[in-house]
Amino acid sequence: MGSETRWEIIRALSTETRTIHELTELVDLSKGTVSVHVKQLEEAGLAASRFNVSDNGGVEKEISLAVDEITVDLRDI
């Protein structure tokens, strides 16, 4: 979790489920960059995603936190 961007994404997801598009606006990075960070969070078991059909018929990836709590051991930093 050595990335400030991943912490920003976690903070954004702590309040509600977000789409990749919403996260790109919140962290001011490209869709590709945000997707890489989300994938790393998913692989770590911290985030989960699902695909939804949007109002305009497109498919959106929605991301939510997969945990209720994160504990950081400062000795590992």
Side-chain angles (χ1 to χ4, degrees):
M1 284 301 302
S3 168
E4 181 59 34
T5 300
R6 285 192 290 279
W7 281 114
E8 286 181 60
I9 291 170
I10 287 172
R11 282 190 290 274
L13 296 175
S14 71
T15 58
E16 63 184 282
T17 298
R18 309 275 185 162
T19 64
I20 290 286
H21 178 74
E22 290 170 330
L23 290 172
T24 61
E25 291 180 350
L26 288 169
V27 298
D28 196 29
L29 293 171
S30 72
K31 180 180 177 182
T33 300
V34 170
S35 293
V36 167
H37 285 291
V38 166
K39 182 176 180 176
Q40 290 171 333
L41 291 171
E42 289 173 325
E43 288 172 354
L46 300 174
S49 62
R50 65 185 176 126
F51 291 94
N52 255 350
V53 177
S54 67
D55 293 337
N56 64 3
V59 177
E60 295 178 314
K61 184 175 185 176
E62 290 186 339
I63 300 94
S64 61
L65 280 182
V67 295
D68 293 325
E69 188 174 285
I70 298 174
T71 303
V72 177
D73 186 343
L74 298 176
R75 294 172 293 195
D76 294 336
I77 297 177

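Worth knowing before you read on, the calculation uses all heavy atoms, side chains too, and leaves out hydrogens, waters and symmetry mates. Bear in mind the structure is a predicted one, so any value in this text is a computation, not a measurement. Residues take their numbers from the sequence shown, with the count starting at 1.
For the pair A12 and L23, the tightest heavy-atom approach, listed with the atom from each and the gap, is CB-CD2, 4.0 Å. Taking each heavy atom of S14 and L65 in turn, the nearest pair found is CA-CD1, 3.7 Å.
Taking CD1 of I63 as the reference point, atom CD1 of I10 lies at 12.5 Å (rounded to 0.5 Å). Interatomic distance, CG of L26 versus NE2 of H21, reported as 10.0 Å (0.5 Å rounding).
Not counting sequence neighbours, the partners of L29 by the side chain to side chain contact (heavy atoms under 4.5 Å, CB included) test are T5, V27, T33, V34. Judged as a side chain to side chain contact (heavy atoms under 4.5 Å, CB included), and not counting sequence neighbours, the contacts of A48 are S64, A66. For the salt bridge (Lys or Arg N to Asp or Glu O under 4.0 Å) test, no residue two or more places apart in sequence or in another chain qualifies with K31. When the salt bridge (Lys or Arg N to Asp or Glu O under 4.0 Å) test is applied to E62, the partners found at least two apart in sequence or on another chain are R50. E16 is linked by a salt bridge (Lys or Arg N to Asp or Glu O under 4.0 Å) to R18, counting only residues two or more places apart in sequence or in another chain. Qualifying side-chain hydrogen bond (donor to acceptor under 3.5 Å, both in side chains) partners for D28, counting only residues two or more places apart in sequence or in other chains: none.
For CG of D55, the number of neighbouring non-hydrogen atoms (other residues, nucleotides, ligands) closer than 6.0 Å is 12 at most.
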Under 3.5 Å, side-chain donor or acceptor atoms of residues 37-47 against the rest of the protein: list the pairs with distances, not counting sequence neighbours.
residue : atom : partner : partner atom : Å
H37     : ND1  : R6      : NH1          : 3.0
Q40     : OE1  : R6      : NH1          : 2.5
E42     : OE2  : S49     : OG           : 2.5

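Hydrophobic clustering, with ILVMFWY side chains joined whenever heavy atoms are under 4.5 angstrom apart, groups L13 together with I70.
Grouping Ile, Leu, Val, Met, Phe, Trp and Tyr residues whose side-chain heavy atoms lie under 4.5 Å apart, directly or via other members, places V59 in a hydrophobic cluster with F51.
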